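Labels below follow one simple rule: chain letters A, B, ... track the order of the sequence lines, proteins then strands, and each chain is numbered from 1. Here the structure is a predicted model, which means the values were calculated and not measured.
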Number of protein chains: 2
Amino acid sequence: MSLLVQKYGGTSVGSIERIEQVADKVAGFHAQGHEMVVVLSAMSGETNRLIGLAQQIQDTPDPRELDVLVSTGEQVTIALLCMALKKRGVDARSYTGGQVRILTDNAHTKARIQSIDEENMRADLKAGRVVVVAGFQGVDEQGNITTLGRGGSDTTGVALAAALRADECQIYTDVDGVYTTDPRVCERARRLEKITFEEMLEMASQGSKVLQIRSVEFAGKYKVPLRVLHSFKEGPGTLITLDEEDSTMEQPIVSGIAFNRDEAKVTVAGVPDTPGVAAKILAPIGAANIEVDVIVQNVSADGTTDLTFTVHKNDMSKAVAVLEAVAKEIGAREVRSDDKVAKVSIVGVGMRSHAGVASRMFTALAEDRINIQMITTSEIKISVIIDERYLELAVRSLHTAFGLDAEPSEGRVRG
Amino acid sequence: MSLLVQKYGGTSVGSIERIEQVADKVAGFHAQGHEMVVVLSAMSGETNRLIGLAQQIQDTPDPRELDVLVSTGEQVTIALLCMALKKRGVDARSYTGGQVRILTDNAHTKARIQSIDEENMRADLKAGRVVVVAGFQGVDEQGNITTLGRGGSDTTGVALAAALRADECQIYTDVDGVYTTDPRVCERARRLEKITFEEMLEMASQGSKVLQIRSVEFAGKYKVPLRVLHSFKEGPGTLITLDEEDSTMEQPIVSGIAFNRDEAKVTVAGVPDTPGVAAKILAPIGAANIEVDVIVQNVSADGTTDLTFTVHKNDMSKAVAVLEAVAKEIGAREVRSDDKVAKVSIVGVGMRSHAGVASRMFTALAEDRINIQMITTSEIKISVIIDERYLELAVRSLHTAFGLDAEPSEGRVRG
């Protein structure tokens, strides 16, 4: 008998029929003797509908009132799920964020959880009730309703699991786990049984958007075992664990291949190699609200250097306009840009203890005659920028090179 | 400068356009220097939509969870109105029932208000803010969300006005006041400038359903001046006042004519005239959940009597079935029923001090050859049961007989 926190997203509670299915699932776990805390999102589309109403009044709706408005979405689903559980003879009680008391700061629309009062939930669990909590919302010290920002229901789930010291936090979603890479690009991609929090963060920020990043950080910080599962298909999903737990196990070197098609490359060439010049280039980019991903500066030759970085494709022309002015000011030679690029990364905690990972990556790409334009590395990740035409080929090559390919039979089951 | 509590119903906030109109109105009062507390219902149709969702899951939804669900309706409108006020440069803050803290008992779906914490509202008013409160809802001692039952937003408005000792509680609705009778029946009906709480109760329970009865009782009890006005038409509406305030003024004898088409008449004839026999007849009627309106028992002749009462037309056959059994048991002669009847009443606190009111009523009906089947009287009301075919004629005759007819010009303005 375990204490489980389960979170169901908007599509999992998107209709009365779906809510009844979730009730069946939760009632099943309850019947097995588990103590159950369920966190729900709003019905899919509802949050957008509410924001749409607000925007008919104010282009940028008042943040305090926007939180009052959108927090109704989850309040609807928690009530409906409790009714569905009661219909099945399972006692249940719903809680808004304020009723739990999930205390947050007062940063409306992007609040951060400060503490959780577990007393009432404990009493309900002890009485055999299923506790159903509205995700995404809390209250500040003054009792104002706050929300945690998009995807915040994952964070609510992890935070409740941490507060209640749950045995596992299970995030039910519309995929059956975390994959070695995107199955649409590489048909031999396979579901990972386990992945570490750090790897998950690197995978997530690369576009494998299964979980909200903040919830993964939170789970890592509070050592909450996190599992991603499919809402309506059976299967063990993927367990996201602490690195240390598995340090004695044989680790694969690379856990997954991440990629991002949305990047564009901008180079300021012939930059005088003086202290502070990188800041002079990047400060106006930040001031223009352009997010920068990869930054590469090579060692200088002949007193000048080239600074290259990547931005979102949509921001490229804006970035170039900013940089033309900067280049003139600092005496750089020219600004070049290219939006026909993509980023491919290998991710794995096993890299830390294995030499030669980078060379195996570069060799695999070279064998397919894929030219590497930029390279960056971190402790558990190596990323390269390549011509976007070779993206799929690069992903498949690396997937094979690092031994990630599924057995043919495994592939068929998944499909 | 006054402290005003204004309540706007579901049709007044039924669309973004309507909410903007309400914001204009409230901003106008605020600009005149009034302290403003606004109580809102859910958008028209929303409460029914939510109940519909619940009933797809449970025929009789769990009451606690139903309150969690339907209370979201008002939470949406208060947020939207605050946004619309802020757009107009008027500072405003929304409150759910729980945030105010409107403390109720724990009778979910029909809770009663026990106390109101006015501290936060006072602080906001002092700071020049408009306070916008969700109608219809509160919280119990344990923090569970409760609702006051249908039309409960009127009660919220009156309760807030009482707690804040407001100068006036204004109920904005889709009629421009309380009329002497239904204008659809009598085209010479006219709007009353004033009516007493007692008269309003008698009028309301007779089918002139402008205000929720509980809110009128509440206003009478706490001496809150209550005004009914049209949401989007100019005009003074009707003020509902304490009798005593106007005791020195010249009172009209009769303030209005009420009527009810929904009643049916049931008679148990030849009842042995022994103590406790009326209870023996009416107890099983109550046990069968049939509501009884008028009850008449005349003095007995030859040791037996006839007991007649009225029920809703829909309940008549059920009542007759119950009474057939009772009649046999107590040795009554027969049970007769008639659903082709209607009730017409004259209402007015002026009756108390005027003799001859009843005879003027009966004379007016006699002149139109309308036969009176039953008569009941209270201190401020005389009701008669007549053949339903003569209902409209009776209303118009009495309206004229008691000097309620509008001047022709007045009638045209209203039309």
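- Heavy atoms closer than 4.5 Å to chain B are found in the side chain of A/Ile16, but not in its backbone.
- Your options are B/Leu69, B/Leu66, B/Ile57, B/Ile19, and the one with the most heavy-atom pairs under 4.5 Å with chain A is B/Ile57.
- By the 4.5 Å heavy-atom criterion applied to side chains, B/Glu65 and A/Leu80 are not counted as neighbours.
- Annotation: the span from A/Ile145 atom CD1 to B/Tyr95 atom OH amounts to 12.0 Å, rounded to 0.5 Å.
- Annotation: maximal heavy-atom pairing with chain B below 4.5 Å, among A/Val76, A/Leu50, A/Val70, occurs at A/Val76.
- Proximity to chain B is limited to the side chain of A/Glu20, based on heavy atoms less than 4.5 angstrom apart.
- In this structure, the side chains of B/Arg64 and A/Ser94 come closer than 4.5 Å at one or more pairs of heavy atoms.
- Using a 4.5 Å heavy-atom threshold, the side chains of B/Ser71 and A/Gln75 count as touching.
- Summarising the geometry of A/Gln99 relative to B/Gly143, their closest heavy-atom pair is NE2-O, 2.9 Å, with the distance given to 0.1 Å.
- Proximity of B/Asp62 to A/Lys87: side-chain heavy atoms (C-beta onward) are nowhere separated by under 4.5 Å.
- Using a 4.5 Å cut-off between heavy atoms, A/Ala92 touches chain B through its backbone atoms (N, CA, C, O) alone.
- Separating the CE atom in B/Met83 from the CG atom in A/Leu53 is a distance of 9.0 Å, to the nearest 0.5 Å.
- The parts of B/Gln56 that come within reach of chain A are both its backbone and its side chain, each placing non-hydrogen atoms under 4.5 angstrom from that chain.
- The environment of CZ in B/Arg214 is crowded: more than 12 heavy-atom neighbours from other residues, nucleotides or ligands sit within 6.0 Å.
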